[in-house]
Amino acid sequence: MLKTHTCGELKHDCIGQEVTLAGWVHRRRDHGGLTFIDLRDRWGLVQVVSDPEYAEAHEIMASLRSEYVVQVSGNVRGRPDGATNPDMASGDIELVAKQVEILNISKTPPFDINKITRVEEGLRQKYRYLDLRRSHMLKNLHLRHNTIAFIRNHLSQSDFLEVETPILFKTTPEGARDYLVPSRLHKGKFYALPQSPQQLKQLLMVAGVEKYFQIARCFRDEDQRGDRQPEFTQLDIEMSFVEQEDVLQTIEVMMTQLVSNLTSMKFQQTPWPRFSNEEALNRFGTDKPDLRFGIELQDVTELVSKSEFKIFSSAEAVKGINAEGCGTYTRKEIDSLTDFVKKYGAGGLAWAVVGEDDSISRSSFGKYVDVVTMNALKKKMQAKPGDLLLLVASEIDIVHDSLAALRIKIGEKISSYDPNTLACCWVVDFPLFNWNEQENRWDPSHHLFTAPLTEDLCHLKTDPGKVRGSQYDMVCNGYEMAGGSIRIHDSELQQQIFGLIGLEQSVAIDRFGHMLEAFEYGTPPHGGIAVGIDRLVMLLAQEKNIREVIAFPKSQQATDLMVGAPSSADVDQLNELHINVVDPPDDIIE
RNA sequence: GGUCCCGUGGUGUAGCGGUUUAACAUGCUGCCCUGUCAAGGCAGAGAUCGCGGGUUCGAAUCCCGUCGGGACCGCCA
């Protein structure tokens, strides 16, 4: 080893020892006759001081620059009185440089590594290896490691078996778009990268593994968001002989221990509250409510149904939220909220301000709605003087989408919530199917293998829309953090579901024949869940984008700015893969 | 597929039709400096304002296009 100690372990009790450190020049302070550098490695910072007595070392110290890689040997000593630094973990000691060797020099970095400054995202991604040197990124990598290590340890101790599943898998047109991998040996055929190990973990249950987990990389070729990358990591879990409650408990127990062991964050409520999908939609407009905000949607459809105001009376649903204390908003501010809800398909935003005398002082619809109705509206929405009522009238889905988003926007402004809060909940009882207008058929709302709730089985033939699945989502601070279900383990029921969603027998066998066949060989009842590791670590790190907790993330255009991927392939490679590129880019390699 | 925001020395920003020879901070280079820790002082280098076109007597500034980054809708659990 080129070092005897790390910068992080050098403490007061090392005084007097002869040590060798190695790392990067974090910062230098050159006083001419005396030079200080802060030497950085993964574990910390140590001040190195030059002593003119060691002339050679003294000279080299003066020539050091930011991010040079150096090895320093010398004596650890206590700092003189008045020269200690209480902000530094090793602030009461320093290393006297007897011998300094420059292991590697560095160009001036393209951005400051030793300061917390905002740097343009593209630059950070291009020089990710430098970005990762910055303390908060290192901290995030560390937290991610600790999170995964905790999970592995916890589940292993609970008798789960970690099993790896293939990355080269089979395309399944259902769900998200697949990443395809052309086959060299099989002309015109393709593997697909797994969107999740869903089928494989179920087959592991057929195999008798009973308790499985995997830290699994998943791939989905869809457009990016702050909480979505084309490749991401799931904690994938599957268990046999369990009921929904067992899965929920497994996760809730693990998460509770994880959070208390690794962070100083606190759950807003324990045990986690549970909502049916229906209740979540009614109260918050979404199946992933951010419970840090107390605001709830109020249904006033009935109340305004007889109103002169056509927009209200003719709408499928009219709901609103009370933006408490926002009565001071200017017309311009309210207009910008109107533009905001229009993104979600709302035609507009109806609003009313409650004045100091408890009457409506300003409103977009006051002249169309009588006083009695207006008072009922105020009462229903628990409006006080100074409040701003915001209503959307439209189709129910649009009302929910737009108000759910508006609720967050207003909540962030008016709520004071502790950033250390984790507001987790379970959302359960999702409908098993959604009616697909275009295709005129039922679509699975989760995935094909979700078991119907036993008590709803009777509706399967008569009214599929009424059937709820044994499906559950874990939601935290408004992010869908985990989702899973109890699966169908019966070949016959599975085929019935395939039929309902319009999957022809031949197609079903071609795509899922292996599942149906497997289910004929003694399949245990089973179910599971998958936790989004990137999102989880993002919340624990209190970051707003999962890029911050992924070492080498993709840009919003799904490119890697550091290595320049995707890139053209050379013609020989393409020929071998039986691929002929239509309209090839200019830089295709001949 | 769509909407919006950003692009000015290495970095982060200001300037938003003419006293701009493009400013400030930081970084960088050199010199001075023995107790600093965002060290300090002095001096200096460094940008044809992402790219292309247009409007104008005149464009970093206005318009169109394009490229790159980001936020969001659609998409995606």
Side-chain angles (χ1 to χ4, degrees), chain A residues 26-39 45-53 58 61-62 65-67 79-88 90-91 94 96 107-127 130 174-178 195-196 198 218-230 232 234 286-288 336 339-346 398 401-402 405 408-409 427 430 434 444-447 450 471-475 479-485 529-532 535 544-545 547 554-557 559 561:
Chain A
H26 189 63
R27 204 170 263 137
R28 76 189 165 99
R29 296 175 290 281
D30 186 352
H31 290 230
L34 187 70
T35 304
F36 301 96
I37 62 163
D38 292 337
L39 188 69
L45 285 173
V46 168
Q47 173 166 285
V48 179
V49 60
S50 73
D51 185 334
E53 197 184 317
H58 180 65
M61 283 281 285
R65 294 293 181 271
S66 284
E67 300 306 312
R79 294 201 198 174
D81 283 345
T84 58
N85 183 353
D87 298 331
M88 204 171 166
S90 64
E94 62 191 2
V96 183
K107 297 209 304 196
T108 302
F111 48 81
D112 293 327
I113 284 158
N114 55 17
K115 290 197 186 97
I116 302 164
T117 47
R118 220 211 131 266
V119 182
E120 196 223 329
E121 190 57 37
L123 200 66
R124 292 181 62 196
Q125 286 181 43
K126 181 176 177 193
Y127 295 100
L130 297 180
E174 293 77 18
R177 210 174 282 118
D178 281 326
Q195 296 179 26
S196 81
Q198 181 60 40
C218 306
F219 306 86
R220 292 176 192 168
D221 187 1
E222 297 294 346
D223 289 348
Q224 313 290 289
R225 287 293 186 278
D227 62 349
R228 268 161 45 188
Q229 283 268 315
F232 60 101
Q234 280 188 347
T286 173
D287 58 5
K288 43 177 185 171
S336 95
D339 290 339
F340 179 77
V341 296
K342 281 182 178 169
K343 283 193 301 194
Y344 300 88
I398 289 174
D401 286 352
S402 53
I408 304 291
K409 196 181 174 71
V427 179
F430 289 83
N434 293 323
S445 69
H446 182 52
H447 62 62
T450 304
Q471 185 200 334
Y472 31 87
D473 280 357
M474 175 202 151
V475 176
Y479 290 96
E480 187 196 322
M481 195 56 62
S485 60
I529 192 162
V531 183
R535 288 179 188 174
K544 290 208 158 60
N545 195 300
R547 280 192 306 268
K554 303 273 189 294
S555 74
Q556 194 160 63
Q557 298 306 311
T559 63
L561 298 172

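First the proteins, then the strands, lettered A, B, ... as listed; each starts at 1. These numbers were taken from a predicted model, which means no experiment stands behind them.
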**Listed partners of A:Tyr344 passing ring-ring contact (aromatic ring centres under 6.0 Å, His included), at least two apart** =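 Checked A:Tyr344 against ring-ring contact (aromatic ring centres under 6.0 Å, His included); matches are A:Phe340.
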Which nucleotide, in any strand shown, forms a Watson-Crick or G-U wobble pair with [N], with both distances under 3.5 Å?
N: B:C24; answer: B:G12
N: B:G40; answer: B:C32
N: B:A59; answer: none

**From A:Glu121, A:Gln229, A:Gln556, A:Gln224, residue fulfilling side-chain hydrogen bond (donor to acceptor under 3.5 Å, both in side chains) relative to A:Arg547** =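 Result for side-chain hydrogen bond (donor to acceptor under 3.5 Å, both in side chains) with A:Arg547: A:Glu121.
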**Asked** Hey, is the main chain of A:Thr108 close enough, under 3.5 Å, to the side chain of A:Arg65 for a donor-acceptor pair?
**Response**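 Absent.
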Pairwise [atom1] distance, [M] and [N] [rounded to whole Å]:
N: B:G7; M: B:U13; atom1: P; answer: 9 Å
N: B:G68; M: B:C28; atom1: C1'; answer: 26 Å
N: B:C62; M: B:U26; atom1: P; answer: 29 Å
N: B:C64; M: B:U55; atom1: P; answer: 15 Å

**Item:** Presence of salt bridge, A:Asp223 and A:Arg228, under 4.0 angstrom
**Value:**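 So A:Arg228 does not pair with A:Asp223 through a salt bridge.
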**Message:** Regarding A:His447, tell me which of base, sugar-phosphate or nothing describes its non-hydrogen contacts under 4.0 Å with the strands shown.
**Reply:**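 Since no nucleic acid heavy atom lies under 4.0 Å of A:His447, the category is nothing.
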**Request:** Select base, sugar-phosphate, or nothing to describe what A:Gly32 touches, counting heavy atoms under 4.0 Å on all strands.
**Result:**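 It contacts base atoms.
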**Request:** Please find the earliest and latest nucleotides of RNA chain B, in the 5' to 3' direction, that have an atom within less than 4.0 Å of any heavy atom of chain A.
**Result:**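 Counting from the 5' end, contacts occupy B:G1 to B:A77.
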**Spatial distance of atom CZ (A:Arg225) from atom CG (A:Asn545) [nearest 0.5 Å]** =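 The CG atom of A:Asn545 is 12.0 Å from CZ of A:Arg225, to the nearest 0.5 Å.
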